[in-house]
Amino acid sequence: MRNIKALLIDLSGTLHVGSEPIKGAVAAIQKLRQAKVPFRFCSNTSKESSAALIHRLNNAGFEVHPEELFTSLGAMKKLLHERGVQRPYLLLSPSAEEDFADFAENSGSNEGREEKGYDAVVIGLAPTKFSYEHLNEAFRILSNTTSGSKPIPLLATHRARYVRSPSGQLSLGPGPFVSALETGVGNGLRGESVGKPDRAFFEVCLKDLGVSLDGFGRSQLKIEDVAIVGDDVEADLAGGAIELGLRRIPVKTGKYRDGDERKMEIPPDAVFESIGDLVDILLSENLQE
């Protein structure tokens, strides 16, 4: 735990489950602020808009500022603009669609598809959209590639296989539905995800913290000074987190299941019962330095 100077913190399952904060999590964020330890919230939450998420977290007792929050929805919107996508078919919840207001006229309505034509399929955690009707429409759009035309991309906010519901039970995440579309369409279709643990997602968060990614900047923060904290060893702590050399710390809350850390190809730097325990140890060690 020594030499950790900044944190990237997962939200769902690490700080809260549903609208309920995890024991000690609210105090942990307050302690980090008081100790002036820099951090950013990094979330794959794609079931609600960023504004709705911030409102819910603040109501739960957390102090969350918009500039501190990085979500897979924000990363997706940025990607759509960068690639010039104009008419995405959105398999998103009504709340999440609020973040895509500039694509509103094509936000999932099936009317006029043949006339306008969709140029991407976007999928997040959208339980009401995971019906045969909507998934079949996405399948038809992805399959409707004429000879010589550019393939229509399948873009996912993330590929988590499951999430922890407010009731405490595990529920399917968007990952299995992405896989179903890949299998159904065939032809080598591979969905592209933009959230954790994608390297580019972490790089955006690190740059905002002031970390020099090439090692030549004047920043006092280096990549090895930053730890990613989460309850999902696959979606939070694998992929880009390993590639970049982030310190990786799973917590035994949320969707964590006994022995998850032993399933990791590269062992984590530490394991804690909760974010509260982690912060207490981190701050006590920093005081001793």
Side-chain angles (χ1 to χ4, degrees), residues 12 43-53 71-165 169-196 198 200-201 234-235:
S12 180
S43 176
N44 275 347
T45 297
S46 58
K47 195 176 177 180
E48 59 189 332
S49 67
S50 297
L53 176 60
T71 70
S72 56
L73 287 177
M76 178 63 74
K77 184 175 180 179
K78 180 174 181 288
L79 179 69
L80 294 179
H81 284 301
E82 288 176 348
R83 295 192 179 177
V85 173
Q86 298 182 7
R87 297 173 298 278
Y89 184 77
L90 302 177
L91 288 172
L92 298 174
S93 71
S95 178
E97 285 185 4
E98 293 175 10
D99 281 354
F100 295 80
D102 40 351
F103 300 105
E105 75 169 344
N106 299 297
S107 63
S109 172
N110 294 338
E111 294 184 12
R113 182 179 67 83
E114 292 79 11
E115 177 184 347
K116 296 182 178 180
Y118 290 106
D119 51 1
V121 170
V122 173
I123 183 169
L125 183 57
T128 60
K129 293 289 185 70
F130 292 154
S131 65
Y132 181 84
E133 176 186 359
H134 289 105
L135 289 169
N136 194 48
E137 180 70 2
F139 163 77
R140 289 173 174 173
I141 293 168
L142 294 166
S143 300
N144 189 26
T145 302
T146 58
S147 179
S149 64
K150 185 178 179 181
I152 294 174
L154 172 60
L155 307 173
T157 55
H158 60 93
R159 296 188 66 122
R161 293 183 292 116
Y162 54 86
V163 297
R164 178 77 68 179
S165 65
Q169 295 180 310
L170 296 179
S171 300
L172 285 172
F177 298 96
V178 176
S179 297
L181 288 171
E182 291 172 337
T183 301
V185 175
N187 296 325
L189 175 69
R190 179 67 178 170
E192 178 181 352
S193 60
V194 299
K196 294 177 298 180
D198 186 78
F201 182 88
E234 294 178 356

Looking at residues at least two apart in the chain, or sitting in another chain, which of them share a side-chain contact (heavy atoms from CB on, under 4.5 Å) with Ala138? Tyr89, Leu91, Val121, Leu181
On a heavy-atom basis, which atom in Leu92 and which in Lys129 lie closest, and how many Å separate them? O-NZ, 3.2 Å
Within a strict 4.5 Å, meaning less than it, do heavy atoms of the Val163 and Ser12 side chains meet? no
Where Pro88 and Leu80 come nearest, the two heavy atoms and their spacing: CG-CD1, 4.3 Å
Quick one: are Leu155 and Arg83 in side-chain contact, heavy atoms under 4.5 Å? yes
Non-neighbouring partners of Ser171 that pass side chain to side chain donor-acceptor pair (under 3.5 Å), sequence neighbours left out: none
Drop me the distance from Leu189's CG to Ser143's OG, to the nearest 0.5 angstrom. 8.5 Å
Count the heavy atoms belonging to other residues, nucleotides or ligands that lie under 6.0 Å from CD of Glu82, then report whether that count exceeds 12. yes
Taking the side chain as every heavy atom from C-beta outward, state whether Ser95 and Lys47 have any pair of such atoms under 4.5 Å apart. no
Nearest heavy atoms of Glu192 and Leu79, plus distance in Å: OE2-CD2, 4.3 Å
Any side-chain heavy atom of Leu154 within less than 4.5 Å of one from Ile123? yes
Is the closest side-chain heavy-atom distance between Asn144 and Tyr118 below 4.5 Å? no
Where the side chain of Asn44 meets the backbone of Lys196, is there a donor-acceptor pair that is under 3.5 Å apart? yes
Non-hydrogen atoms of Ala160 and Pro176 that approach each other most closely: O-CD, 3.9 Å
Under 3.5 Å, is there a donor-acceptor pair between the side chain of Ser46 and the main chain of Leu125? yes
In the structure I gave you, are the side-chain heavy atoms of Ile152 and Ile141 within less than 4.5 Å of one another anywhere? yes
Per the salt bridge (Lys or Arg N to Asp or Glu O under 4.0 Å) rule, what does the pair list look like for residues 153-163, sequence neighbours excluded? Arg159-Glu182, Arg161-Glu234
Run the side chain to side chain contact (heavy atoms under 4.5 Å, CB included) test on Phe139 and Val185 for me, step by step, so that the C-alpha distance in whole Å, both residues' side-chain angles and the decisive distance to 0.1 Å come before the verdict. CA-CA 6 Å; Phe139 163 77; Val185 175; 3.7 Å; yes
Distance-minimising heavy-atom pair for Phe103 and Gln86: CD2-O, 3.7 Å
About how many Å separate CZ of Phe201 and OG of Ser43, when rounded to the nearest 0.5 Å? 7.5 Å
To the closest 0.5 Å, what do you measure between OG (Ser72) and NZ (Lys77)? 14.0 Å
Output, in order, the C-alpha distance, side-chain angles, deciding distance and verdict of side chain to side chain contact (heavy atoms under 4.5 Å, CB included) for Thr157 and Leu73. CA-CA 6 Å; Thr157 55; Leu73 287 177; 3.9 Å; yes
Counting distance only, does the side-chain N/O of Asp119 pair as donor-acceptor with the main-chain N or O of Val85 below 3.5 Å? no
Do Asp99 and Ser50 pair up side chain to side chain, a donor and an acceptor below 3.5 Å, judged on atom types alone? yes
